[in-house]
Amino acid sequence: MALKPISRIAAGVQASTTLVIDSLFKQMKAEGKDVVGFGAGEPDFPTPEHIKQAGIEAIENNLTRYTPAAGLMQLREAACYRLKTDFGLEYEPKQIVVASGAKHSVYIALMTLCNPGDEVVIAAPYWVSYSEMVQQAGAVPVIVTAEEEQDFKISAAQLEAAITDKTKVFMLNSPCNPTGMVYTREELEAIAEVCCRHNIYVIADEIYCNLVYDDIEFVSFASLNEDVKNRTIIVNGVSKSYAMTGWRIGYSASNPELAKVMSNYLSHSTSAPSTISQHAAIVALKGPQEDMQVMKKAFEARRDHLVERMNRIEGVSCIKPQGAFYVMMNMKNFLGKQMYGKTIESAEDFAQLFLEKGLVATVPCTAFAAPGFVRWSYATSLAEIDKGLDRLEEFIKNA
Ligand code: PMP
Ligand code: GLU
């Protein structure tokens, strides 16, 4: 007898493009292929020594038991300390909810806010997981596109035009994955005014807050005013700032009522992330911050080099991102053209061929709602960046 169909929502979930490319890249490498990776966005640096030690000590001191669902009190205090020190934001530990990575924080924020049929406005290009997570919550993603000519940033007027009486949430990501662009204070104020006037919640994913270059100001959305703070769930974490992607610690800061619901939700799903990782994250947030500055400087130098060289390659171009560690390569020139006997119909075709023939892994941005672009993560060494760009030149020349 044929089994009954599974959940419609689950059946509709697509695999994450970024993670698919990353496993393909790692598999090719394991097979001994000389492939260069610009796929998944994760720092190539090891977790700083003092943070690793905190994890080791947690194990040695038998700090290996369950914690409260919303995370250890010291970790929630450490998150409050960072929010206060870095952005002047006042939160109490009961407003902080720790989750298994910032991705998980976004997920429970959406689960907490959305009813089936609610609309969630997402500024595109956006990180691939947003639209999937909105759909997992039974809500409807409403995509508002920012073109390259707008520096990939939507205007408050565009946001307002997308709002209906079903709109519940606006998803903001600054600095943005995949564009690397950072919203200015004025731009955020205009967006905040629209959100307050239409009574919309905001999920502000600020995971890249520490990776902002050229002395550009990073403004935490919740810092704009009390009304904005009350309707915003800030998402942050240790993955990007402290090179801790595998430790799986993210957190949110919100009003206490929302935090309570998120904590309840966690208490029946993951029951808090690994206790060992939580102890390491306390040290990351409260300990010395110098390692982060060293990584940031390295990312900035890599960005400068990559952007400068990419723009000298015939047929492709990119604008200079201001933060995170991604570059959006415009490959529209190749759409409809023949390369290696194949018509390039999409960024996927280009990226796939580039991986096959050029042995370079990049992420096609179709799933980021930016067809015509391929994302390069420059969280890799200058030598690898040069190797990747040499191969891009060859790939285009020999096509
Ligand atoms: N938000 C954005 C915008 C991201 O790019 C990522 C990717 N790492 C995350 C959240 C998730 O981070 P984490 O690894 O902490 O789950
Ligand atoms: N966020 C990173 C990226 O966009 C890591 C992979 C993922 O979780 O999507 O590449």
Test your reading of the model: is there a side-chain donor-acceptor pair from Glu90 to the backbone of Gly88, 3.5 Å cut-off? no

Heavy-atom closest pair, residues Ala54 and Val283: CB-CG2, 3.4 Å

Judged by atom type as modelled, is there a donor-acceptor pair below 3.5 Å linking the side chain of Thr232 to the main-chain atoms of Ile234? no

Which residues pass the side-chain contact (heavy atoms from CB on, under 4.5 Å) test with Pro371, sequence neighbours left out? none

Take Tyr242 and Met292 through the side chain to side chain contact (heavy atoms under 4.5 Å, CB included) test and state the conclusion after the steps. CA-CA 6 Å; Tyr242 305 96; Met292 184 194 347; 3.9 Å; yes

Hey, does Met310 have a side-chain heavy atom less than 4.5 Å from the side chain of Leu389? yes

I need the minimum non-hydrogen distance between Asn311 and Cys318, along with the two atoms involved. OD1-N, 2.9 Å

Test item: Lys94 side-chain N/O and Pro256 main-chain N/O as donor-acceptor pair under 3.5 Å: no

Atom CZ in Arg302, atom CG in Leu382: separation rounded to 0.5 Å? 6.5 Å

Under a 4.5 Å cut-off applied to non-hydrogen side-chain atoms, are Pro68 and Met73 in contact? no

Quick check on the hydrophobic clustering: are Tyr201 and Met262 connected, directly or via other members, by side-chain heavy-atom contacts under 4.5 Å? yes

Contact between Ile233 and Ser105 at the side-chain level, heavy atoms closer than 4.5 Å - yes or no? no

Between Gln158 (side chain) and Thr145 (backbone), is there a donor-acceptor pair under 3.5 Å? yes

Would you call Lys397-Glu393 a salt bridge at under 4.0 Å N-O? no

Which of these, Tyr183, Tyr208, Tyr213, sits in a side-chain contact (heavy atoms from CB on, under 4.5 Å) with Pro175? Tyr208

Between the side chain of Gln322 and the main-chain N/O of Val182, is any donor-acceptor distance below 3.5 Å? yes

Here the gap from Cys114 atom SG to Glu119 atom CD, rounded to the nearest 0.5 Å, amounts to 11.0 Å

Do the side chains of Lys296 and Glu300 get close enough for a salt bridge, i.e. N-O under 4.0 angstrom? no

Test your reading of the model: is there a side-chain donor-acceptor pair from Asn255 to the backbone of Leu258, 3.5 Å cut-off? yes

Taking only residues two or more places apart in sequence or in another chain, which ones pass side-chain contact (heavy atoms from CB on, under 4.5 Å) with Glu217? Arg185, Val219

Can you see which heavy atom on Asn225 is nearest to which on Asp227, and at what distance? OD1-N, 3.0 Å

So which atom in Ala146 and which in Pro125 form the shortest heavy-atom distance, rounded to 0.1 Å? O-CD, 3.5 Å

For Val374 and Val316, run side chain to side chain contact (heavy atoms under 4.5 Å, CB included): C-alpha distance rounded to whole Å, both residues' side-chain angles, the deciding distance at 0.1 Å, then the answer. CA-CA 10 Å; Val374 167; Val316 296; over 6 Å; no

Full working for side chain to side chain contact (heavy atoms under 4.5 Å, CB included) between Thr179 and Lys153: CA-CA 9 Å; Thr179 69; Lys153 291 190 277 186; over 6 Å; no

Counting distance only, does the side-chain N/O of Gln278 pair as donor-acceptor with the main-chain N or O of Pro273 below 3.5 Å? yes

Got a salt bridge between Lys260 and Glu257, using NZ or NE/NH1/NH2 to carboxylate O under 4.0 Å? no

State whether the side chain of Glu187 and the backbone N or O of Thr184 hold a donor-acceptor pair below 3.5 Å, judged by distance alone. yes

Determine whether more than 12 heavy atoms belonging to other residues, nucleotides or ligands lie under 6.0 Å from atom CZ of Arg8. no

Glu31 and Gln27: side chain to side chain donor-acceptor pair (under 3.5 Å), yes or no, with the steps? CA-CA 6 Å; Glu31 285 164 4; Gln27 188 193 321; 3.1 Å; yes

Among the clusters formed by ILVMFWY side chains lying less than 4.5 Å apart, do Leu285 and Val98 turn up in the same one? yes

Ignoring hydrogens and angles, state whether a donor on the side chain of Glu206 or Ser220 is under 3.5 Å from an acceptor on the partner side chain. yes

Hey, any chance Val121 and Leu172 share a hydrophobic cluster, counting ILVMFWY side chains that come within less than 4.5 Å of each other, even indirectly? yes

Which atoms form the tightest heavy-atom contact between Leu266 and Ala69, and what is the distance? CD1-O, 3.7 Å

Show, in sequence, the C-alpha distance, side-chain angles and deciding distance for Leu353 and Phe334, and conclude whether the side chain to side chain contact (heavy atoms under 4.5 Å, CB included) test is met. CA-CA 12 Å; Leu353 217 50; Phe334 295 99; over 6 Å; no

Count I, L, V, M, F, W, Y as connected when their side-chain heavy atoms are under 4.5 Å apart, and connections chain through other members. Are Val238 and Leu75 then in the same cluster? yes

Less than 3.5 Å apart, which donor and acceptor atoms pair up between the side chains of residues 354-370 and the rest of the protein, not counting sequence neighbours?
| from | atom 1 | to | atom 2 | distance (Å) |
| --- | --- | --- | --- | --- |
| Thr366 | OG1 | Glu348 | OE1 | 2.6 |

Any chance you could measure Thr380, atom OG1, to Glu42, atom CD, to the nearest 0.5 Å? 10.5 Å

Strictly below 4.0 Å, N to O, side chains only: are Asp349 and Lys337 in salt-bridge contact? no

With sequence neighbours excluded, what pairs up with Glu49 under the salt bridge (Lys or Arg N to Asp or Glu O under 4.0 Å) test? Lys52

With a 4.5 Å heavy-atom cut-off, do Met171 and Val120 have their side chains touching? yes

Does any N or O in the side chain of Gln293 come within less than 3.5 Å of the main-chain N or O of Glu290, such that one atom is a donor and the other an acceptor? no

Tell me whether the rings of Phe373 and Phe152 are parallel (<30°), tilted (30 to 60°) or perpendicular (>60°). perpendicular

Are Arg375 and Thr17 packed together at the side-chain level, in the sense that at least one heavy-atom pair is separated by less than 4.5 angstrom? no

All heavy atoms of Ile96 vs all of Ala79, minimum pair found to be CG2-CB, 3.8 Å

Would a distance-only check, ignoring hydrogens and angles, find a side-chain to backbone donor-acceptor pair under 3.5 Å from Gln95 to Glu92? yes

So CZ of Phe325 and CG of Asp44: to nearest 0.5 Å the spacing works out to 9.0 Å

Which residue pairs pass the ring pair (Phe, Tyr, Trp, His ring centres under 6.0 Å) test when at least one of the two sits in residues 39-70, sequence neighbours left out? Phe45-Phe299

In the structure I gave you, are the side-chain heavy atoms of Val228 and Glu189 within less than 4.5 Å of one another anywhere? no

Can you say whether the rings of Phe350 and Phe395 are parallel (under 30°), tilted (30 to 60°) or perpendicular (over 60°)? perpendicular

Provide the full list of ring pair (Phe, Tyr, Trp, His ring centres under 6.0 Å) pairs with a residue in residues 79-132, sequence neighbours left out, each pair given once. Phe87-Phe218, Trp127-Tyr130

Can you hop from Leu113 to Ile200 via hydrophobic side chains spaced under 4.5 Å? no

Please report whether the ring centroid of Phe38 lies less than 6.0 Å from that of Phe25. no

Tell me, do Ser271 and Ser269 make a side-chain contact under 4.5 Å, heavy atoms counted? no

Just how far is it from atom CZ of Arg248 to atom OG1 of Thr270, taken to the nearest 0.5 Å? 11.5 Å

Can you tell if the side chain of Pro178 reaches within under 4.5 Å of the side chain of Val128, non-hydrogen atoms only? no

